[in-house]
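Below is one structure; the comments refer to it alone.
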Number of protein chains: 2
Amino acid sequence: MRILIVEDDQKIASFVKHGLRAAGFAVDHADNGEDGLHLAMTESYDTSVIDIMLPKLDGWSLIETLREKKINTPVIILSAKRSVDDRVKGLQTGGDYYLTKPFAFSELLACVQALIRRANGESEPTRLTVGPLSMNLLTREVFRADRKIDLQPREFALLEYLIRNSGKVVSKTMIMEHVWDYNFDPQTNVVEARMCRLRDKIDRGFTKKLIHTIRGVGYVIK
Amino acid sequence: MRILIVEDDQKIASFVKHGLRAAGFAVDHADNGEDGLHLAMTESYDTSVIDIMLPKLDGWSLIETLREKKINTPVIILSAKRSVDDRVKGLQTGGDYYLTKPFAFSELLACVQALIRRANGESEPTRLTVGPLSMNLLTREVFRADRKIDLQPREFALLEYLIRNSGKVVSKTMIMEHVWDYNFDPQTNVVEARMCRLRDKIDRGFTKKLIHTIRGVGYVIK
DNA sequence: GAAGAACATTATTCAACGATAACATCATCA
DNA sequence: TGATGATGTTATCGTTGAATAATGTTCTTC
């Protein structure tokens, strides 16, 4: 996850930069509007934090230019101006969130996460859960209730994909694309076969089934 | 563009409602958490404005429940609590914007527009509704009021087509083309037969029928 | 009000889909 | 190089969803 900071106050910039890095983001920093615009246009960021009063090119113009060029990176506006008019202007110009200085870092972080969450569904957790089932993506351990479940790599990937879309129905085509990286129909029933084994490990012996087949459509976990 | 307001303070609610209506939005209002949740789950909104301190079901729980149910309507949190902790909690729970009371209407309006602007670049709707009926295309769940309805794939496709054209009469030929992919007349009564089943599941037991036959022309849902 | 058309309802039949298990292949590592 | 484990393949079987067709109902028209 990459974040762009455009801020001329070195103290604030460094404070935010370190905080976000500690939270696991990759952070780029520009200390003036022109450099910020250049970075935003040539690189690809998941969110940006932009000050309004900037040397060379002010924040308003920066955001406006970005939006004109159809660059839709979410923008958190960080400004010392606290008037309602400024806040409204910020949002109307193309900003997604307006934070006034001084601000709490935890709030900025929450904003960043909220915007990223909305932009690509969900944030990047290390643990995924559905009901009694939980999987740790780091240790690659899977538990149903307290019982540990051993999964083979493919099964793990399949389960991960299901859980990331928990509640939503995913088609076999989708599954093949994301879990097998097939962009064509291999004319076999790999998915069914593997799904069968996954079920065996996850649902067998339990009354409450988690994996459901939606005939003619795909599968859901819930 | 439809907006949901969940707010128990009648003064504020009415103020916001009128303002948003004047700005061209269709506004629904619930004055407690339970009703708000119900509306949010059965209707489809482009944005919602939710108070935190609510009777029956508080705002936190409301938002949490929505997100659990994969209802991703943007949420503006409207709260009297101004502490950083509350703001962070609001964003982490699933809110998209945190506004503190008292607030300027123009700022709220700008938020609403910003959220809609961002949401619109994205995909087509995931939920379709007609009156008490709502279908979630992601989870493939269909509800009439609070009652869940199980549909077979064809029935689901048929209902989807009807709702996408809700209010308009669709001919059997149209239906065959779009739901069955037939470009000729199969000389059978497939459509009637399936429509019958669909009705059985959707309208049976309810006084208010949703699916109507227009003799000699086709069908409508409304 | 009778006849016929348009539509509703239901049971039966059939095919497609998916579950499953046995088998084959491939890779890895001692 | 052979053993082990992971993965894909194939074949078979059961289930379920959907079309058909036969029958019943309602509406329309003369």
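A note on names: the letters A, B, ... follow the listed sequences, proteins ahead of strands, and every chain is numbered from 1.
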Would Arg118(A) and Asp96(B) pass as an ion pair if we require N to O under 4.0 Å? yes
My understanding is that only residues two or more places apart in sequence, or in another chain, count here; which of them pass side-chain contact (heavy atoms from CB on, under 4.5 Å) with Ser171(B)? Thr173(B), Met174(B)
Test side-chain contact (heavy atoms from CB on, under 4.5 Å) applied to Thr139(A) - qualifying residues, sequence neighbours left out: Asn136(A), Glu141(A)
Mind jotting down which residue pairs meet the ring-ring contact (aromatic ring centres under 6.0 Å, His included) criterion with at least one end in residues 138-175 of chain A? Sequence neighbours excluded, please. Tyr161(A)-His178(A)
Tell me, which pairs form a ring-ring contact (aromatic ring centres under 6.0 Å, His included) where one or both residues lie in residues 46-76 of chain B, sequence neighbours left out? none
In whole Å, I'd like the distance from the [atom1] atom of [X] to the [atom2] atom of [N].
{"X": "Glu192(A)", "N": "dG8(D)", "atom1": "CD", "atom2": "C1'", "answer": "13 Å"}
{"X": "Trp180(A)", "N": "dT9(D)", "atom1": "CH2", "atom2": "P", "answer": "11 Å"}
{"X": "Asn189(A)", "N": "dC13(D)", "atom1": "CG", "atom2": "C1'", "answer": "13 Å"}
{"X": "Tyr182(B)", "N": "dA18(D)", "atom1": "OH", "atom2": "P", "answer": "11 Å"}
{"X": "Met176(B)", "N": "dA18(D)", "atom1": "CE", "atom2": "P", "answer": "17 Å"}
{"X": "Phe156(A)", "N": "dG5(D)", "atom1": "CZ", "atom2": "P", "answer": "20 Å"}

Mind pulling the stems DNA chain C is in, i.e. runs of at least three Watson-Crick or G-U pairs, everything under 3.5 Å? C:1-30 with D:1-30
Distance from Ile214(A) atom CD1 to Arg140(B) atom CZ, nearest 0.5 Å? 7.5 Å
Applied to residues 204-222 of chain B, the salt bridge (charged side-chain N to carboxylate O under 4.0 Å, His left out) test, sequence neighbours excluded, yields Asp200(B)-Arg204(B)
Contact class for Tyr219(B) vs. all strands (heavy atom < 4.0 Å): base, sugar-phosphate, or nothing? sugar-phosphate
Which of these passes side-chain contact (heavy atoms from CB on, under 4.5 Å) with Leu162(B): Val179(B), Leu128(B), Leu198(B), Leu133(B)? Leu198(B)
Flag yes if more than 12 heavy atoms outside Arg144(A) fall under 6.0 Å of its CZ atom; otherwise flag no. yes
For Tyr219(B), give me all partners under ring-ring contact (aromatic ring centres under 6.0 Å, His included), at least two apart in sequence or on another chain. none
Going by the rule ring-ring contact (aromatic ring centres under 6.0 Å, His included), which residues pair with Phe15(A) if we only count those two or more places apart in sequence or in a different chain? Phe105(A)
Can you see if the side chain of Thr188(B) gets near the phosphate of dT20(D) - specifically, an N or O under 4.0 Å from OP1 or OP2? yes
So, does Tyr97(A) use its side chain to make a donor-acceptor pair with the main chain of Tyr98(B) at under 3.5 Å? yes
Check each residue of residues 193-215 of chain B for a non-hydrogen atom within less than 4.0 Å of any atom in DNA chain D, then write out the ones that pass by number, or none. Ala193(B), Arg194(B), Arg215(B)
I'd like the 5' and 3' limits of the part of DNA chain C contacted by chain A, with heavy-atom contacts below 4.0 Å. dC17(C) to dA22(C)
Side-chain polar contacts of residues 24-34 of chain B - donor-acceptor pairs under 3.5 angstrom, sequence neighbours left out - could you list them?
| residue | atom | partner | partner atom | Å |
| --- | --- | --- | --- | --- |
| Asp28(B) | OD2 | Arg2(B) | NH2 | 3.1 |
| Asp28(B) | OD2 | Tyr45(B) | OH | 2.6 |
| His29(B) | NE2 | Glu7(B) | O | 2.9 |
| Asn32(B) | OD1 | Glu34(B) | N | 3.0 |
| Asn32(B) | OD1 | Asp35(B) | N | 2.9 |
| Asn32(B) | ND2 | Asp35(B) | OD2 | 3.0 |

For DNA chain C, which residues in residues 147-155 of chain A have a heavy atom at a distance below 4.0 Å? none
